[in-house]
Engineer: 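Okay, here's the structure, questions in a sec.
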Amino acid sequence: MTDKMGASVDKRIREAKERAELAIKIVEESGIKLTDEQKRAILHGETDKAIIPEDAAQSSVQAGRGQQQPDPTEQMVNIEVQKIMERTHTYISPQEARALIGDVDSPYEYLKRFEEIARDRATQAPSESRVPSMAPASGKAPSLQAQYEAEMRQIMEQRHPTIRRGETDKILKMKAEYRKKGLDI
């Protein structure tokens, strides 16, 4: 029984090394140079996944959640985000912030991008602001609706500077941007 378990672990480690080597090869073929340390980190990450069964890792993480202290860096970021929203008088939900900012390398980069977005929203006209208390009763900003209709007219008349009739992807992206601004379309 022990031999079978050992053979199973050996097989998973071998497969993990192959996955890691393939990942490294793909990254380097795309033109990105990896340092030896980065290559080792990829290899160690894959072998760790192979050695520790996923079920055991998830159960240990779930068991530790009740006792785990909040991350000090995360707390600091949350406090700074609150300060930025108070300073700029804007509200950006955590889900929306994650979607707009995406993956970043450091908390500093996250806060920098968050502040840029908040300041951008703060400089918008009050009727276009995302602050709920400042939104018109109908939920639509009249100037935003007019702007959207004018852009759609330009597309239909083939006068839009960047989007042509039939370019569905670009039209959908434009509509998504208007939805982000608060227009109900």
Side-chain angles (χ1 to χ4, degrees), residues 22-35 38 41-42 45 58 61-62 65 68-185:
L22 180 64
I24 292 169
K25 181 181 174 186
I26 290 171
V27 168
E28 287 182 336
E29 285 177 355
S30 69
I32 299 172
K33 294 288 183 188
L34 294 175
T35 64
Q38 290 171 324
I42 292 171
Q58 288 177 352
V61 168
Q62 289 174 349
R65 280 189 183 153
Q68 191 176 19
Q69 294 294 325
D71 181 23
T73 305
E74 189 176 329
Q75 286 180 334
M76 183 272 306
V77 168
N78 288 337
I79 291 168
E80 290 301 315
V81 162
Q82 290 298 323
K83 287 179 183 178
I84 291 168
M85 287 193 295
E86 288 174 11
R87 250 193 334 263
T88 59
H89 302 290
T90 57
Y91 173 76
I92 302 171
S93 71
Q95 298 84 3
E96 184 179 12
R98 275 187 237 111
L100 291 172
I101 295 171
D103 292 331
V104 291
D105 295 331
S106 69
Y108 172 76
E109 188 67 28
Y110 181 89
L111 288 171
K112 192 169 98 174
R113 289 187 185 174
F114 185 89
E115 187 163 17
E116 289 171 3
I117 293 168
R119 285 183 189 211
D120 181 48
R121 294 228 176 127
T123 59
Q124 293 177 350
S127 63
E128 296 177 15
S129 177
R130 301 283 315 240
V131 178
S133 62
M134 298 178 78
S138 67
K140 296 179 186 175
S143 62
L144 194 58
Q145 180 72 31
Q147 183 182 359
Y148 168 75
E149 290 171 0
E151 251 187 287
M152 287 303 291
R153 213 177 317 58
Q154 285 179 339
I155 292 170
M156 296 306 286
E157 296 170 356
Q158 298 289 337
R159 294 184 303 122
H160 195 277
T162 58
I163 303 173
R164 296 288 169 240
R165 204 169 163 181
E167 293 179 328
T168 315
D169 293 341
K170 290 182 179 180
I171 294 171
L172 290 174
K173 285 181 185 176
M174 180 190 77
K175 286 183 178 184
E177 288 298 317
Y178 277 101
R179 283 188 197 104
K180 283 182 186 176
K181 292 178 183 177
L183 188 63
D184 185 27
I185 51 172

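Because the structure is a prediction, the values reported are computed rather than measured.
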Engineer: Cation-pi check, K175 to Y178: give yes when NZ or CZ is under 6.0 Å from the six-membered ring centre and within 45° of the ring axis, no otherwise.
Structural biologist: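 No, cation not above the ring by the 6.0 Å, 45° rule.
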Engineer: Drop me the distance from T88's OG1 to I117's CD1, to the nearest 0.5 angstrom.
Structural biologist: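 Output value for this atom pair is 11.0 Å.
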Engineer: Just how far is it from atom CZ of F114 to atom CD1 of I84, taken to the nearest 0.5 Å?
Structural biologist: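 One gets 6.0 Å once the value is rounded to the nearest 0.5 Å.
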Engineer: Between V81 and Y110, does the side chain to side chain contact (heavy atoms under 4.5 Å, CB included) criterion hold? Intermediate values first, please.
Structural biologist: CA-CA 10 Å; V81 162; Y110 181 89; 4.1 Å; yes
Engineer: Take E115 and E80 through the side chain to side chain contact (heavy atoms under 4.5 Å, CB included) test and state the conclusion after the steps.
Structural biologist: CA-CA 10 Å; E115 187 163 17; E80 290 301 315; over 6 Å; no
Engineer: Nearest 0.5 Å, what's the CE-CD1 distance between M156 and I171?
Structural biologist: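 Rounded to the nearest 0.5 Å, the CE-CD1 separation comes out at 8.0 Å.
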Engineer: Going from CG on L172 to CE on M174, what distance comes out if it is rounded to the nearest 0.5 angstrom?
Structural biologist: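 Reported to 0.5 Å precision, the distance equals 9.5 Å.
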Engineer: Can a salt bridge be assigned to the pair E116 and K112 using a cut-off of 4.0 Å between side-chain N and carboxylate O?
Structural biologist: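 Not counted as a salt bridge, because no side-chain N and carboxylate O are separated by less than 4.0 Å.
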Engineer: Does a sphere of radius 6.0 Å around CZ in R165 hold more than 12 heavy atoms from other residues, nucleotides or ligands, not counting ones at 6.0 Å or beyond?
Structural biologist: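 At most 12 heavy atoms, drawn from other residues, nucleotides or ligands, come within 6.0 Å of this atom.
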Engineer: About how many Å separate CD1 of I24 and CD1 of I32, when rounded to the nearest 0.5 Å?
Structural biologist: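 That separation rounds to 12.5 Å.
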Engineer: May I have the step-by-step check of side chain to side chain contact (heavy atoms under 4.5 Å, CB included) for L34 and I42, ending in yes or no?
Structural biologist: CA-CA 10 Å; L34 294 175; I42 292 171; 4.0 Å; yes
Engineer: Please assess K181 against E177 for the test salt bridge (Lys or Arg N to Asp or Glu O under 4.0 Å), listing each intermediate value before the final yes or no.
Structural biologist: CA-CA 6 Å; K181 292 178 183 177; E177 288 298 317; 6.0 Å; no
Engineer: Report the residues that fulfil side chain to side chain donor-acceptor pair (under 3.5 Å) with E28, sequence neighbours left out, ordered by chain and then residue number.
Structural biologist: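 Expected list: K39.
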Engineer: In chain order, what residues pass the side chain to side chain donor-acceptor pair (under 3.5 Å) check against Y148, with sequence neighbours excluded?
Structural biologist: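 For Y148, no residue satisfies side chain to side chain donor-acceptor pair (under 3.5 Å) once neighbours in sequence are set aside.
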Engineer: I163 and I155: which non-hydrogen atoms are nearest, and at how many Å?
Structural biologist: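 Of all heavy-atom pairs spanning I163 and I155, the closest is CG2-CD1, 3.8 Å.
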Engineer: Applying the side chain to side chain donor-acceptor pair (under 3.5 Å) test to E157, which of R153, R159, H160 qualifies?
Structural biologist: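 Output: one option passes, namely R159.
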Engineer: Which atom names give the shortest non-hydrogen contact between K170 and T162, and what distance separates them?
Structural biologist: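 Scanning both residues completely, I find the closest heavy atoms to be NZ-O, 3.5 Å.
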Engineer: Would you say the side chain of Y91 lies within less than 4.5 Å of the side chain of R121, judging by non-hydrogen atoms?
Structural biologist: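 With C-beta onward as the side chain, the pair stays apart.
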Engineer: Could you give the distance from CG (L144) to CG (D184), rounded to the nearest 0.5 Å?
Structural biologist: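 Reported to 0.5 Å precision, the distance equals 11.0 Å.
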Engineer: Please identify each residue that fulfils side chain to side chain donor-acceptor pair (under 3.5 Å) with E149, with sequence neighbours left out.
Structural biologist: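 Checked E149 against side chain to side chain donor-acceptor pair (under 3.5 Å); matches are Q145.
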